[in-house]
Amino acid sequence: MKQVTTVEELRQLVGGARRTGQSVALVPTMGYLHAGHCTLMQQAKNENAFVVASIFVNPLQFGAGEDFAVYPRDLERDAAAAAASGVDVLFTPTVEEMYPQGYENMKTLVTVSGVSEGLCGASRPGHFQGVATVVSKLFHLVQPDRAYFGQKDAQQVAVIRQMVRDLNWPVEIIAVPIVREADGLALSSRNVYLSQEERTAALVLSRALQKAKTVLQAGERRGAVVEAAAKEELAQEALAAVEYVKLVDAATMQPVSELQGPAVLALAVRIGKTRLIDNLLWEEC
Ligand code: AMP
């Protein structure tokens with residue numbers, strides 16, 4: 001595996017792979033890699049000859065007062081995990097390399113309306129604009145045949161898919177199922193913020209999704225009833241402050257009152273100071 005920090009080196013390495021006819025995959029991450037990230041990288045390697053992974057804590061997608069400055073970082077450990085997962089090139093740019101004029105001075109920003117407005121978009125204004133902009137830059141730099149994202153961030157997947165469709169990008173977006181701890185907690189770099197007591201409390205997210213799944217499996221199709229099942233479970237946990245519980249269309253992220261096509265039950269919950277998201281993808285109708 002080669003680790004590079006500049007756009008120039010990245011372009012040269014990817015150009016070399018492409019000239020020899022290799023298919024190219026991209027796995028964008030913010031680092032502090034866990035088994036969820038590694039699954040994305042491994043799947044990318046299984047399906048493509050040449051895998052580029054990026055580690056970049058993107059200031060443009062963090063709001064004021066969010067955790068940009070304290071976001072966990074461990075590049076040495078990440079490089080070992082990426083190499084072991086089959087990554088060919090690990091791109092770890094500085095903020096200055098990605099935004100030479102300063103991210104605050106970016107004049108070209110990618111806005112994906114509609115799909116990015118509810119759920120996390122409502123509580124984190126500018127977040128998906130920051131995501132869509134940095135992913136656009138990475139797509140231009142790498143020009144991947146396929147790009148891998150986690151279903152853990154279901155709204156992010158929907159935003160990127162919409163952007164790729166709207167802009168005729170020749171890249172296939174692959175969504176990888178959520179990787180969980182044995183006890184159900186969805187893996188997240190932010191789980192390190194949780195105290196032991198909070199870590200136990202955080203299990204309420206996956207329990208709430210399980211409750212909703214049982215209701216769906218019993219044939220319930222009304223969005224409000226499915227949401228109520230999850231809310232009821234979340235209400236049992238004193239440390240949990242619910243931000244949203246919403247059944248939405250999997251592609252548009254618009255609320256679903258009566259289930260008809262693929263849908264996502266999406267949760268955002270604060271456990272202490274830590275904001276966690278999780279979701280259930282429901283494709284049977
Ligand atoms: P992040 O570093 O948090 O930006 O995540 C990088 C990529 O890994 C995103 O596409 C995430 O959706 C994905 N990811 C994060 N956690 C998980 C998980 N538990 N299971 C599957 N994919 C994940």
Side-chain angles (χ1 to χ4, degrees), residues 34-37 39-40 43 115-124 127-128 131 148-162 173-191 194 198-237 239-271 274-285:
H34 52 62
H37 297 115
T39 303
L40 266 64
Q43 189 173 332
V115 61
S116 70
E117 286 163 19
L119 308 177
C120 291
S123 48
R124 304 184 69 190
H127 170 67
F128 286 114
V131 170
Y148 292 77
F149 294 88
Q151 187 59 36
K152 160 90 174 9
D153 297 276
Q155 191 173 13
Q156 175 168 279
V157 169
V159 168
I160 301 297
R161 285 203 162 126
Q162 183 73 50
I173 303 302
I174 314 279
V176 177
I178 301 176
V179 178
R180 298 178 180 280
E181 304 273 12
D183 60 8
L185 182 67
L187 292 178
S188 164
S189 305
R190 290 187 167 102
N191 289 349
L194 300 168
E198 290 169 343
R199 168 74 181 66
T200 305
L203 294 175
V204 75
L205 278 84
S206 51
R207 274 206 310 276
L209 293 173
Q210 275 304 325
K211 280 279 162 67
K213 189 174 181 180
T214 308
V215 166
L216 281 162
Q217 283 168 335
E220 182 56 60
R221 292 295 173 265
R222 291 166 295 175
V225 178
V226 176
E227 289 166 8
K231 283 179 187 162
E232 198 186 336
E233 184 66 29
L234 290 165
Q236 309 289 313
E237 176 50 64
L239 292 181
V242 176
E243 191 181 290
Y244 64 72
V245 176
K246 279 263 178 300
L247 189 72
V248 295
D249 179 274
T252 65
M253 295 283 124
Q254 298 307 304
V256 168
S257 49
E258 192 82 27
L259 212 97
Q260 274 163 350
V264 170
L265 180 64
L267 315 178
V269 178
R270 263 177 214 285
I271 304 287
T274 307
R275 182 177 181 279
L276 299 177
I277 58 171
D278 200 348
N279 69 80
L280 169 74
L281 175 63
W282 183 260
E283 293 179 295
E284 302 158 36
C285 285

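The OG atom of Ser188 lies 5.5 Å from the NE2 atom of His34; values are rounded to the nearest 0.5 Å. Once rounded to the nearest 0.5 Å, the distance linking NZ of Lys246 with CD of Gln254 reads 11.5 Å. Atom CG of residue Leu194 and atom OG1 of residue Thr274 lie 4.5 Å apart, to the nearest 0.5 angstrom. Atom CD of Glu181 and atom CG of Leu203 lie 9.5 Å apart (nearest 0.5 Å). Rounding to the nearest 0.5 Å gives a distance of 7.0 Å between NZ of Lys213 and CH2 of Trp282. For the atom pair Arg161 CZ and Phe149 CZ, the distance stands at 10.0 Å (nearest 0.5 Å).
Shown here is Arg222, whose CZ atom has no more than 12 heavy atoms of other residues, nucleotides or ligands within 6.0 Å.
For His37 against Ser189, the heavy-atom pair with the smallest separation is CE1-OG, 3.5 Å. The shortest non-hydrogen separation linking Leu265 to Ala212 is CD2-CB, 3.2 Å. Counting all heavy atoms, side chain and backbone alike, Val204 lies closest to Ala240 at CG1-CB, 4.1 Å. In plain terms, the two heavy atoms of Val248 and Val256 that are nearest each other are C-CG2, 3.5 Å. Closest of all the heavy-atom pairs between Ala158 and Ala250 is CB-O, 3.8 Å. When all heavy atoms are compared, the tightest approach of Asn191 to Ala186 is ND2-O, 3.1 Å.
In this structure the side chain of Val159 never reaches within 4.5 angstrom of the side chain of Val131, judged on heavy atoms. Looking at heavy atoms from C-beta onward, Val115 lies out of side-chain contact with Thr252 at the 4.5 angstrom threshold. Two residues are said to be in side-chain contact when any heavy atoms from C-beta on lie closer than 4.5 Å; Leu187 and Ile178 fail this criterion. Contact annotation: the side chain of Leu205 never approaches that of Glu233 to less than 4.5 Å [non-hydrogen atoms, C-beta and beyond]. Considering only heavy atoms from C-beta on, Arg270 comes within 4.5 Å of Glu243 through its side chain. Gln151 is listed as a side-chain neighbour of Val264, based on a closest heavy-atom distance under 4.5 Å. Side-chain contact between Arg124 and Arg275: present, with at least one pair of heavy atoms (C-beta onward) separated by less than 4.5 Å.
With respect to the salt-bridge test (charged N to carboxylate O, under 4.0 angstrom), the residues Glu258 and Arg221 do not qualify. The pair Asp278-Arg180 meets the salt-bridge criterion, with a side-chain N (NZ, NE, NH1 or NH2) lying under 4.0 Å from an Asp/Glu carboxylate O.
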Under 3.5 Å, side-chain donor or acceptor atoms of residues 225-232 against the rest of the protein: list the pairs with distances, not counting sequence neighbours.
unit_1, atom_1, unit_2, atom_2, d
Glu227, OE2, Leu247, N, 2.8

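Side-chain atoms of Gln155 come within 3.5 Å of backbone atoms of Cys120 as a donor-acceptor pair (strictly under, hydrogens ignored). In this structure a side-chain-to-backbone donor-acceptor pair under 3.5 Å is missing from Asn279 to Leu267.
Under the ring-ring contact (aromatic ring centres under 6.0 Å, His included) criterion, His127 pairs with no residue, sequence neighbours left out.
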Step by step, work out the side-chain contact (heavy atoms from CB on, under 4.5 Å) result for Val269 and Ile277. CA-CA 6 Å; Val269 178; Ile277 58 171; over 6 Å; no
